[in-house]
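Have a look at the structure below before the remarks.
Labels below follow one simple rule: chain letters A, B, ... track the order of the sequence lines, proteins then strands, and each chain is numbered from 1.
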Amino acid sequence: MQVRLPDGSERRYPTGTTVLEVAESIGSRLARAALAAKVNGQVVDVARPLEEDATVEILTEKSSESLDVLRHSAAHVLATAVRRIRPEARIGFGPAIEDGFYYDFEVAEPFTPEDLKRIEEEMAKVAEADDPFEREVVDRARARELFAADPLKLERLEELGDGEVITVYRNGPFLDLCRGPHVPDTGRIKHFKLLNTAAAYWRGDSNRQTLHRIYGTAWHSKRELEDYLHRLEEAKKRDHRRLGRELDLFFFHPTAPGSAFWTHRGTIIFNALVGWMVEVLLENGYDIVKTPLLFNKGLWEVSGHWGKYRENMFLVLDNETGEHDFSLKPMNCPSHHLMYTAKKRSYRDLPIRYATQDVLHRNEVSGALSGLTRVRQFQQDDAHAYLAEEQISDEVGRMVGLLDYFYGVLGLEYTTKFATRPDVRIGDDEMWDRAEGALLAALESTGLAYELKPGDGAFYGPKIDFDVSDSIGRKWQLGTIQLDYANPDRFDLGFTGEDNREHRPVIIHRAIFGSFERFIAILIEHYAGAFPVWLAPVQVVVLPISDEQNESARQFAGDLAAVGIRTEVDDRSETLNYKIREAETQKVPYMAVIGGREAEAGTVAVRVRGAGRKQEIVTRQAFAGRVREQVDSKTLRVGFNGPREM
RNA sequence: GCCGGAGUAGCUCAGCUGGCAGAGCAGCCGCCUUGUAAGCGGCAGGUCAGGGGUUCGAGUCCCCUCUCCGGCUCCA
């Protein structure tokens, strides 16, 4: 049989030659490094015999696919170790996931941190044993026998269709119903760590039994493992909940679960973002509007929320009727639609664009709440454009430009996804053809690369989603542009066309930040609390070296405040070192030091956040001018001369 | 909502098998007058999340509630 290799060369082997033997024939080093292989595009074990002509790629540490294989094998090693310590544990699923793996166990007693340590030690022994992972094809009857004591595996087994090949994998004492593939032997699992335990429902179904999940991570090298653990540490340090407290930006109180208290400093950031957005939207033809927070059920009946979404709404008692007929709004769309219908609209008015930062409430289940990223009260940067169908492409192009501008100023990179018609949907195919065509044309005209997500659109129309990456590589879905053909009907929206006839507009829902709360959480973590000057709650702290300079310092601070620079004076009777340490930990962009010499000369010694001992003596006026300029231009970098670390 | 873990001073955390509630930092008061990441000394600060129970005695053991954390589910 013929084997084609990635370099294009072809070799002949007898039928039944294994991938490993192919690797050996190329080089012993390759054979030793082989973790898995890709045969005709499918990832398989290296021990797999080749039955016919094939394209073969040997997967070593260098390929990303081999990492998934390694991690899945690590999950088996984990299960092997758990079985040694808790022989009665029944096994669920144990897949590779992003950055690691997990395995679910049905056990009477949950795992403790001490258990985790022991299990980890046991895993090292399993790895040391260097048992091969052996694949075996079995028939259903044999599989039932093998897993007679593992009801979860039996359940999975019964789901496999008759045509499917049933495989089991064995490593030493451990046997698992598993499709594979695996690395050649347990000895390949060298660099791993168990991270935490958590409960999980069997099959993700809250009506089924609770399993206990162990999460771990595994890598090809010690270096990669350490880097990953370091990244976790870094993420912890950047955690917005921690920085929110340390930088005094916001807090939560048990009396208002899921709703943040914004302190003065946090509110400055919040308002700066809102103000910036309003300013830019006004320049871009949006109407900035406010609508009521509380509505009676009439609105929700029209919008359809009363039927499907009521559980998630905060209902309010009407004293006159004694009924909970009112609700805090969970979204802005319906009230914007009402605003649209409040007047007769002409084609000349379109597009009409409403933007709102109103407060919304959603009654999230208590277990879902988490810091600022999952809250019950929040403000979306919500906008709806009402337009004629032929305007879609142009309008979407503008919106994409707007998103690009906002993310760009903040230094956020993003990728886009184009989601098309789902199986369950409204409207006929012709409508979807037009909608998807217009949206795609707009997206393509921007020149952005995008990922196609067939079937991922909303039931009422296709959409474009924006995933933003933060400075430590995590992705967040933020922006969205969604076409909506359902609500114009529901709310009976119309406009008079050039032909003097009534037409239906199309709605585009659009958000850039998502919610301000969640977005600020992302920004805090992205900047690690070190905000660009224009967003920093305190932009300059003036530090007199001794009490002698307090007067001079206060005067300077007053001058800065007069040109709109947020300034504080630290005139406590402390050493300069003390004051600098505090300003650095508070991430204040500029420290303006005033000692005897500066007071005398009317200058200031500027220390830049994070730049260490370097200082620059400048005139006070020049300093004010430069800071002002950085605020106005929303400069990301702090410091004045040349490239310098933030 | 469900499963598991946690809640001790403003913050970070000690407090063993039940026996008088502690430290560092922050705060306040004093001294020091300070030149680029913590000067020195003192003082004050607690319904041990809340409620109930067991016990001669509960921060510690049991039950209920609240909140937070990690997941599941859901989602902006």
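- Rounded to whole angstrom, the span from the CD atom of A:Glu311 across to the C1' atom of B:C74 amounts to 11 Å.
- As rounded to whole Å, 12 Å separates atom P of B:A76 from atom NE2 of A:His384.
- Of the C1' atoms belonging to B:A44 and B:C25, the separation is 15 Å, rounded to the nearest Å.
- Under the side chain to side chain donor-acceptor pair (under 3.5 Å) criterion, A:Tyr228 pairs with no residue, sequence neighbours left out.
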>> One pair to check against ring-ring contact (aromatic ring centres under 6.0 Å, His included): A:Phe93 and A:Tyr102. What are the steps and the verdict?
In response: CA-CA 8 Å; A:Phe93 289 146; A:Tyr102 68 78; 8.9 Å; no

>> Walk along nucleotides 37-48 of chain B from 5' to 3' and tag each nucleotide B, S or - by protein heavy-atom contact under 4.0 Å, base first, then sugar-phosphate.
In response: BBB---------

Detail all sub-3.5 Å separations between protein N/O atoms and N/O atoms belonging to nucleotides 49-52 of chain B.
none

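- A gap of 15 Å separates the P atoms of B:G7 and B:G59, to the nearest Å.
- One finds a side-chain N or O of A:Arg245 lying less than 4.0 angstrom from the OP1 or OP2 phosphate oxygen of B:U12.
- One cannot find a donor-acceptor pair under 3.5 Å joining the base of B:G35 and the side-chain atoms of A:Gln549.
- For the pair A:Arg518 CZ and B:A76 P, the computed distance is 9 Å after rounding to whole Å.
- Checked against side-chain contact (heavy atoms from CB on, under 4.5 Å), A:Glu234 has the following partners two or more places apart in sequence or in another chain: A:Lys237, A:Arg238, A:Ile472.
- For A:Val278, the side-chain contact (heavy atoms from CB on, under 4.5 Å) criterion is met by A:Val274, A:Leu282, A:Ile288, A:Gln357, not counting sequence neighbours.
- Checked by atom type and distance alone, the side chain of A:Asn363 never pairs as donor or acceptor with a backbone atom of A:Glu311 at under 3.5 Å.
- The base-pairing partner of B:A14, taking Watson-Crick or G-U wobble contacts with both distances under 3.5 Å, does not exist among the strands shown.
- When the ring pair (Phe, Tyr, Trp, His ring centres under 6.0 Å) test is applied to A:His212, no partner is found at least two apart in sequence or on another chain.
- Spacing of C1' atoms, B:A21 relative to B:C31, comes out at 32 Å, to the nearest Å.
- Nucleotides B:G42 and B:U60, compared at atom C1', are 33 Å apart to the nearest Å.
- For A:Asp470, the side chain to side chain donor-acceptor pair (under 3.5 Å) partners are A:Arg474, A:Trp476, not counting sequence neighbours.
- Considering only residues two or more places apart in sequence or on other chains, A:Thr210 meets the side-chain contact (heavy atoms from CB on, under 4.5 Å) condition with A:Ala199, A:Tyr201.
- Across all strands shown, B:C72 forms a Watson-Crick or G-U wobble pair with B:G1, both key distances being under 3.5 Å.
- Here B:C74 is the nucleotide among B:G4, B:C74, B:U34 with the atom lying nearest to any side-chain atom of A:Arg374.
- In this structure, A:Gln586 places its CD atom 15 Å from P of B:C11, rounding to the nearest Å.
- A:His361 pairs by the ring pair (Phe, Tyr, Trp, His ring centres under 6.0 Å) definition with nothing, not counting sequence neighbours.
- Straight-line distance between the P atoms of B:U73 and B:U55: roughly 45 Å, to the nearest whole Å.
- If you take atom C1' in B:C28 and the same atom in B:G70, they sit 39 Å apart, rounded to whole Å.
- With a cut-off of 3.5 Å on both pairing distances, the Watson-Crick or G-U wobble partner of B:G41 is B:C29.
- Between the side chains of A:Ser546 and A:Glu548, no donor-acceptor pair is found at a separation under 3.5 Å.
- Remark: A:Phe418 pairs with no residue by the ring pair (Phe, Tyr, Trp, His ring centres under 6.0 Å) rule, at least two apart or across chains.
- In this structure, A:Asn550 places its CG atom 12 Å from C1' of B:U34, rounding to the nearest Å.
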> Once each nucleotide of nucleotides 64-73 of chain B is scored for protein heavy atoms under 4.0 Å, what B/S/- sequence comes out, 5' to 3'?
Replying inline: ---SSSBBBS

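- The base-pairing partner of B:U60, taking Watson-Crick or G-U wobble contacts with both distances under 3.5 Å, does not exist among the strands shown.
- The side-chain heavy atoms of A:Leu247 and A:Lys587, taken from C-beta on, include a pair separated by under 4.5 Å.
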Distance-only donor-acceptor pairs under 3.5 Å for side chains of residues 261-268 of chain A, two or more places apart:
{"from": "A:Thr263", "atom 1": "OG1", "to": "A:Asp248", "atom 2": "O", "distance (Å)": "2.6"}
{"from": "A:Thr263", "atom 1": "OG1", "to": "A:Leu249", "atom 2": "O", "distance (Å)": "2.9"}
{"from": "A:Thr263", "atom 1": "OG1", "to": "A:Gly266", "atom 2": "N", "distance (Å)": "3.4"}
{"from": "A:Arg265", "atom 1": "NH1", "to": "A:Gln586", "atom 2": "OE1", "distance (Å)": "3.2"}
{"from": "A:Arg265", "atom 1": "NH2", "to": "A:Glu568", "atom 2": "OE1", "distance (Å)": "3.2"}
{"from": "A:Arg265", "atom 1": "NH2", "to": "A:Glu568", "atom 2": "OE2", "distance (Å)": "3.3"}
{"from": "A:Thr267", "atom 1": "OG1", "to": "A:Trp262", "atom 2": "O", "distance (Å)": "3.4"}
{"from": "A:Thr267", "atom 1": "OG1", "to": "A:Thr263", "atom 2": "O", "distance (Å)": "2.7"}

